[in-house]
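Just so it is clear: chains get the letters A, B, ... in the order the sequence lines come, proteins before strands, and each one is counted from 1. This is a predicted model, so every value here is computed, not measured.
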Number of protein chains: 2
Amino acid sequence: MRDDIHTTGLPALCASCEARHRGICGALTAEQLTLLAKASSKRRAEEGAELIGDAENVESYANVLSGVVKLTKMLSDGRQQIVGLQFAPDFVGRPFRTESTLAAEAATDVELCSFPRATVERMMAEQPDLEHRLLEQTLKELDQARDWMVTLGRKTAAEKVASFILMIARNIDPTMQPQQRAVTFDLPLSRAEIADFLGLTIETVSRQFTRLRSEGVIRIEHNRRVILDDIRKLAASAGN
Amino acid sequence: MRDDIHTTGLPALCASCEARHRGICGALTAEQLTLLAKASSKRRAEEGAELIGDAENVESYANVLSGVVKLTKMLSDGRQQIVGLQFAPDFVGRPFRTESTLAAEAATDVELCSFPRATVERMMAEQPDLEHRLLEQTLKELDQARDWMVTLGRKTAAEKVASFILMIARNIDPTMQPQQRAVTFDLPLSRAEIADFLGLTIETVSRQFTRLRSEGVIRIEHNRRVILDDIRKLAASAGN
DNA sequence: CGCAACTTTGAGCTGACTCAAGCCGGGTGG
DNA sequence: CCACCCGGCTTGAGTCAGCTCAAAGTTGCG
């Protein structure tokens, strides 16, 4: 098989990688990409696997290639809050800090492309474009975090759950429009995780799903699969 | 008057500016600083003044020189959430986006050093160190936002108010220790604003202040001044 | 088939909200 | 100098959204 014109000279690892275009690797030259790829490893983690623990030393960063990573924080008495979800091709890791301030866990089965900390930081120093991409991603995450603060602080349980379903749906299909027909997707989180994301209890989340179902907004199959029948009505229930 | 050795050749505007050291201007050469200073203006805004509205076009960025700027988001029905507080020498503005996604308002009387958007973005392109500083600040804000998500999603009203007072106290005096004697400072926010920051109502915030007062943790003068008598007990009430 | 984990549903409780007064300090004008 | 007002804060009483505790229903898996 001949090399694709765009992948000539690129590491096999990167040839079909989404992060090379939309993710931070897009900032690298073919040469640098080769260098980074040498130090990188593609790895899988299954649902529930802890990728990095709170207060652990950070030895590596990673790109999400598929699946969903959840970022969580916990209070000393065990109360937990999910503070972010990372989808492909997001970058996972906190540059310029050796100790993690949160835990990262595979919410679904996940594929990661993992780089040693030192290599990434060296490249960042010599390739401003890489730092620029990282800034862009960090700003995006900050915007998301702030949007979510409004949801956590000011929305009702019904609005929180509607906002959550909408957010997931939009991540699966970014082109989704209010007037379009049904959209189907799998929730990447259990009821307990959704509760931890929304600052609610499992029971309240479940009741809100039931309500949306009885109002004909969604259908649910096997607990995780959502068929979103009335996008408009869901968007209206989300508050904003 | 002779120039201080450290300010030789620097714009008068910047000579005594905190942002030159701790803020993003520290990334600039004397030459660039001069260039930026030419396009900059120091301005004051009084308490309550809107610095930039939601969905407005961003024409300038700014450094906070003194006072506190609050960043707010609002739902269509008027519910409001404060999503960030900026103290000196923080940078205010969202790079790489022409339209603001939140409103910035002077929470107290504020001094700002304001730069035209175009100038900052040009310098960012030619001075990677500037982008690096911006990345550092953005990461710091992201960490803060995520900490606050835990507070909003999982803490009780009592813990929220304790966390808030502690956060403000630590911003006024970063060296504050649990065992130390009383610390006095002014709250930069009204009860209504504290409520919007914590996802509570005015009344609940007020009741929690009263409780802390009756427990001997704090004293309050003229509504705004807090004398923090028992730092340890306050920290214990903050959850975490 | 049977267990274990997850989800749903129900019933009662409670922390924070709503609504309504009253209080306090600062400014204004008589 | 004092009476008044106004905005911000506090306090009280009653309500309710979301929580807790409990039980029953699903689903997936060995």
Side-chain angles (χ1 to χ4, degrees), chain A residues 46-48 70 75 77-81 107-109 151-165 186-215 217-226 237 239, chain B residues 46-48 70 75 77-81 105 107-108 151-165 186-215 217-226 237 239:
Chain A
E46 48 179 42
E47 188 176 324
K70 63 174 186 182
L75 300 177
D77 64 359
R79 282 175 289 174
Q80 201 171 36
Q81 177 68 44
T108 63
D109 289 350
T151 301
L152 288 172
R154 287 302 183 202
K155 289 189 185 175
T156 63
E159 291 168 334
K160 285 179 176 182
V161 171
S163 301
F164 172 76
I165 297 173
D186 284 336
L187 295 173
L189 304 184
S190 69
R191 297 292 181 273
E193 291 171 317
I194 296 171
D196 281 345
F197 194 54
L198 296 174
L200 298 171
T201 58
I202 295 182
E203 294 92 331
T204 300
V205 171
S206 177
R207 283 184 242 276
Q208 295 305 327
F209 271 102
T210 302
R211 196 184 47 75
L212 287 171
R213 195 149 31 81
S214 71
E215 288 175 356
V217 178
I218 58 172
R219 275 170 289 159
I220 296 173
E221 288 173 359
H222 308 296
N223 290 337
R224 291 292 188 109
R225 172 145 302 171
V226 173
S237 342
Chain B
E46 47 179 42
E47 186 176 326
K70 64 174 187 182
L75 301 177
D77 62 0
R79 282 175 288 176
Q80 202 171 35
Q81 176 70 42
E105 187 179 318
T108 64
T151 301
L152 288 172
R154 287 301 182 203
K155 288 189 184 174
T156 64
E159 291 168 334
K160 285 179 176 181
V161 171
S163 302
F164 173 76
I165 297 173
D186 284 336
L187 295 172
L189 304 184
S190 68
R191 298 290 181 274
E193 290 171 318
I194 297 172
D196 281 345
F197 194 54
L198 297 174
L200 299 171
T201 58
I202 296 182
E203 294 93 329
T204 300
V205 171
S206 178
R207 283 185 241 273
Q208 294 306 327
F209 271 102
T210 302
R211 196 183 48 73
L212 288 170
R213 193 148 32 80
S214 71
E215 288 176 357
V217 178
I218 59 172
R219 275 169 290 158
I220 297 174
E221 288 172 359
H222 308 297
N223 290 337
R224 289 292 187 112
R225 172 144 303 170
V226 172
S237 342

Measure the angle between the two terminal helix axes of the helix from C:dC1-D:dG30 to C:dG30-D:dC1, five base pairs each, and quote it to 10°. 30°

Of all heavy-atom pairs between A:F197 and A:L152, which one has the smallest distance, and what is that distance? O-CD2, 3.6 Å

Identify, between A:R154 and A:I202, the residue whose nearest nucleotide on DNA chain C lies closer to the 5' end. A:I202

Out of C:dT18, C:dG26, C:dT8, which has the shortest distance to the side chain of A:S206?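 Nearest listed nucleotide: C:dT8.
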
First-last contacting nucleotides on DNA chain D - partner chain A, under 4.0 angstrom, heavy atom: D:dG18 to D:dG28

Please state how far atom [atom1] in [X] lies from atom [atom2] in [N], giving the value in whole angstrom units.
X: A:R191; N: C:dC6; atom1: CZ; atom2: P; result: 12 Å
X: A:R211; N: C:dT9; atom1: CZ; atom2: C1'; result: 16 Å
X: B:E221; N: C:dC24; atom1: CD; atom2: C1'; result: 15 Å
X: A:R225; N: C:dC6; atom1: CZ; atom2: C1'; result: 18 Å
X: A:I194; N: C:dC6; atom1: CD1; atom2: P; result: 13 Å
X: A:E47; N: C:dC6; atom1: CD; atom2: C1'; result: 12 Å
X: A:F209; N: C:dT7; atom1: CZ; atom2: P; result: 10 Å
X: A:I220; N: C:dT8; atom1: CD1; atom2: P; result: 6 Å

Is there a donor-acceptor pair under 3.5 Å between the side chain of B:E193 and the backbone N or O of B:S190? yes

Out of curiosity, A:N223 CG to A:L187 CG, how far, rounded to the nearest 0.5 Å?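 Interatomic distance, A:N223 CG to A:L187 CG, rounded to 0.5 Å: 9.5 Å.
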
How many angstroms lie between atom CZ of B:R224 and atom CG of B:L189, to the nearest 0.5 angstrom?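 B:R224 atom CZ to B:L189 atom CG measures 7.0 Å (nearest 0.5 Å).
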
What pairs with B:R213 under salt bridge (Lys or Arg N to Asp or Glu O under 4.0 Å), at least two apart in sequence or on another chain? none

Pairing residues for B:E159 by the side chain to side chain contact (heavy atoms under 4.5 Å, CB included) criterion, not counting sequence neighbours: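 By the side chain to side chain contact (heavy atoms under 4.5 Å, CB included) rule, B:E159 matches A:R79, B:K155, B:T156.
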
For A:E221, what residues pass the side chain to side chain contact (heavy atoms under 4.5 Å, CB included) criterion, not counting sequence neighbours?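 Listed in chain order: A:R225, A:I227.
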
State which residues pass ring pair (Phe, Tyr, Trp, His ring centres under 6.0 Å) with B:F209; sequence neighbours excluded, sorted by chain then number.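 Result, ring pair (Phe, Tyr, Trp, His ring centres under 6.0 Å) vs B:F209: none returned.
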
With the criterion being N/O to N/O and under 3.5 Å, what pairs connect the protein with nucleotides 13-16 of chain C, and how long is each?
unit_1 : atom_1 : unit_2 : atom_2 : d
C:dA16 : OP1    : B:A157 : N      : 2.9

Partners of B:Q208 by side-chain hydrogen bond (donor to acceptor under 3.5 Å, both in side chains), sequence neighbours excluded?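 Checked B:Q208 against side-chain hydrogen bond (donor to acceptor under 3.5 Å, both in side chains); matches are B:R211.
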
Only pairs under 3.5 Å count here: list side-chain donor-acceptor contacts from residues 198-205 of chain A, not counting sequence neighbours, and write none if there are none.
unit_1 : atom_1 : unit_2 : atom_2 : d
A:T201 : OG1    : A:T204 : N      : 3.3
A:T201 : OG1    : A:T204 : OG1    : 3.1

Sugar-phosphate only, base, or nothing, as touched by B:S190 at under 4.0 Å among non-hydrogen atoms: sugar-phosphate

For a side-chain contact (heavy atoms from CB on, under 4.5 Å) check, start with the C-alpha distance between B:D196 and A:R154, then their side-chain angles and the critical distance, and finish with the verdict. CA-CA 8 Å; B:D196 281 345; A:R154 287 302 183 202; 2.9 Å; yes

